[in-house]
Amino acid sequence: MIQRDIGKDTQLSIRMFITVLLLGLVYAGFLYFLFSLGANMAIMLVFAIIIVGIQFYFSDKMILASMRAKVVSEAEQPKLHGIVTRLSLIAGIQKPKIAISEIQVPNAFAAGRSTTKATVAVTAGLLAVLNDRELEAVLAHEIIHIKNRDVVVMTIASFFSVVASTLMSFFFWMSLFGGMGRSRNSSAGNYVMIAYMASIVVWLISLLLVSALSRYREYSADRGAAIITGNPNDLVTALTRISSTVQRVPKDDLRKVEKMNAFFIIPAVGDGIVKLFASHPPVLKRIEKLQQIQQDLMGGWSS
Amino acid sequence: MVFLGGLFKRQPSGPPSFSAAMQALSSATPRLKDLETLSTGVAGLLIRDDGWGGSEPLVAIDRVLRAYAPAQEAKTQLETDEHGYHWITVHHQWFDGLTAGVRVVGEAFLKQDYGERIVAAVFPFTWKGKKVYLIYLPGNGKFTPFVPVSKQDDLRDLSLEVRVEEALRRTIPTERDMSQWYPMWDMPI
């Protein structure tokens with residue numbers, strides 16, 4: 001049996017469940033509110049479903065195009081294809097297509113609406129920064145995203161968030177133009193105002209929950225990657241390398257910079273709010289969890 | 001001491017003085033020990049040379065060292081690195097003695113109006129075989145971490161650096177903005 005059981009992080013599963021439950025409650029409340037406002041809302045909802053559906057169907061092509069990524073053949077990139085073939089076999093999914101983006105920022109992503117129509121993409125920057133084992137760890141992370149159907153999960157989870165934000169801007173313009181020419185009717189004005197407020201609240205809460213869910217899916221993909229490669233440390237060094245490039249930990253020696261005299265003028269910015277809305281967990285937290293998995297794995301082997 | 005550290009932080013006026021920072025650092029030892037980070041018994045002051053020229057800086061530094069170091073029972077040494085910066089290294093068995101030694105040498109510089117020449121005070125520690133540096137910059141009054149892994153690959157242990165910073169931020173003024181965490185490779189300490 002070549003497939004590996006990637007085990008479970010019970011705490012993470014519970015958190016995911018609670019997040020989805022809360023999201024469901026918020027969305028149900030929002031739906032109830034929309035329908036209580038009347039038939040117009042139902043039509044708008046159908047319209048939104050169609051738009052999101054089309055976006056979802058073409059999401060992989062749109063993402064690949066926006067990242068300037070091109071699908072590469074086995075002849076062009078035998079090494080990448082070799083790694084992905086092996087990892088997909090272990091993960092038990094059909095081998096996805098592979099694309100390379102010309103972007104120099106190290107990054108990788110998975111696209112596609114199903115496990116059979118998936119693409120993994122890496123940027124030129126990633127290929128330049130990582131060694132083979134780290135590259136394998138990052139690709140494993142993306143392959144677990146495909147196995148976990150994260151594109152579908154996140155599209156569905158964020159659907160009403162998208163609807164709420166669309167309604168929000170709609171109501172905003174409506175209130176600007178005086179409720180469709182019925183500005184003297186104060187009850188219509190109130191109704192637009194309430195709907196606008198409700199949309200903002202739903203949008204904010206759902207964004208928080210969707211971001212949290214996204215972070216849990218990332219931990220989950222990290223865990224899966226650590227287990228199918230059998231080496232959490234490779235992903236740790238990959239993450240460290242990527243983050244030190246992306247977060248711009250300075251490369252220049254202190255003495256060199258000091259000579260230039262351009263020194264210590266950038267103030268630190270508070271990041272509490274940013275963290276709540278982040279789609280990815282902080283690298284440090286991911287590394288801590290991976291180190292825990294490493295310990296668990298070692299414990300498992302010795303006992 | 002933690003209480004005092006809190007008082008220091010609340011002062012609105014500029015960065016804390018060199019002496020205050022050294023005092024705060026000596027009270028940060030318990031936190032460093034929680035991380036199992038141990039002092040290497042040495043610290044260094046990085047001194048800028050520009051404008052002095054010739055042998056004058058070395059003579060001046062030497063004068064400072066002779067006047068102040070023996071009284072602190074700390075051994076001191078003078079070196080010049082490949083970047084043309086001078087290093088005063090202070091050796092002391094105990095971390096308290098080390099911070100006191102660095103403080104005294106620093107104060108001596110300040111007294112002679114050479115205070116601006118101090119670019120950094122560097123304290124190396126070990127953590128599970130790795131070297132962990134705490135770099136204090138009097139210019140902005142903050143400590144930054146630096147854990148070198150490989151100079152060739154430009155690789156540092158960022159996760160450990162973050163842990164160090166988070167462990168110390170309540171005790172000493174640390175720089176939280178990573179874009180200010182400048183590396184210093186091949187230090188003589």
Side-chain angles (χ1 to χ4, degrees), chain A residues 106 125 128-135 137 222 232-272 274-275 281-295, chain B residues 15 46-51 80-87 116-122 133 135-142 144-151 153-167 169 173-187:
Chain A
V129 170
L130 300 187
N131 67 32
D132 287 359
R133 292 180 53 176
E134 292 159 351
L135 183 64
D222 279 353
N233 272 341
D234 289 339
L235 192 54
V236 169
T237 55
L239 285 173
T240 309
R241 264 183 220 275
I242 295 168
S243 69
S244 64
T245 320
V246 173
Q247 295 185 334
R248 294 182 203 290
V249 172
K251 293 244 178 282
D252 287 329
D253 196 285
L254 178 81
R255 288 155 289 193
K256 221 167 157 186
V257 182
E258 202 272 336
K259 266 184 193 150
M260 308 271 217
N261 264 330
F263 219 34
F264 310 120
I265 40 167
I266 307 161
V269 183
D271 54 3
V274 178
K275 268 184 200 158
V283 171
L284 181 73
K285 285 272 161 57
R286 294 173 70 179
I287 288 173
E288 267 172 22
K289 292 217 170 196
L290 285 166
Q291 281 165 344
Q292 187 58 50
I293 295 168
Q294 174 91 28
Q295 276 177 9
Chain B
L46 179 66
I47 310 291
R48 183 194 300 135
D49 188 0
D50 56 2
T80 304
D81 68 16
E82 57 194 22
H83 294 261
Y85 281 77
H86 304 298
W87 285 86
E116 280 181 14
R117 313 252 173 222
I118 304 173
V119 177
V122 183
Y133 291 94
I135 302 174
Y136 176 72
L137 302 159
N140 70 348
K142 284 177 181 166
T144 61
F146 176 52
V147 184
V149 176
S150 156
K151 188 191 176 187
D153 297 338
D154 215 349
L155 196 61
R156 47 203 281 189
D157 190 337
L158 199 65
S159 62
L160 182 53
E161 290 176 8
V162 172
R163 278 181 64 188
V164 169
E165 192 275 319
E166 284 185 345
R169 57 166 64 159
T174 56
E175 177 57 77
R176 298 189 186 195
D177 180 4
M178 277 187 188
S179 68
Q180 300 292 312
W181 292 5
Y182 289 93
M184 262 205 278
W185 300 99
D186 302 328
M187 286 186 265

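Numbers restart at 1 for each chain; the letters A, B, ... are given by sequence-line order, proteins then strands.
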Q | ring pair (Phe, Tyr, Trp, His ring centres under 6.0 Å) partners of B:F146, counting only residues at least two apart | A | B:W185

Q. Below 4.5 Å, heavy atoms only, C-beta onward: do A:L254 and B:T144 meet side chain to side chain?
A. no

Q: Indicate the atoms forming the closest heavy-atom contact of B:P183 with A:D252, along with that distance.
A: CD-O, 3.1 Å

**Q.** Spatial distance of atom OG1 (A:T240) from atom CG (B:L160) [nearest 0.5 Å]
**A.** 10.5 Å

**Q.** Shortest non-hydrogen separation from A:D253 to B:M184 and the atoms involved
**A.** OD2-CA, 3.4 Å

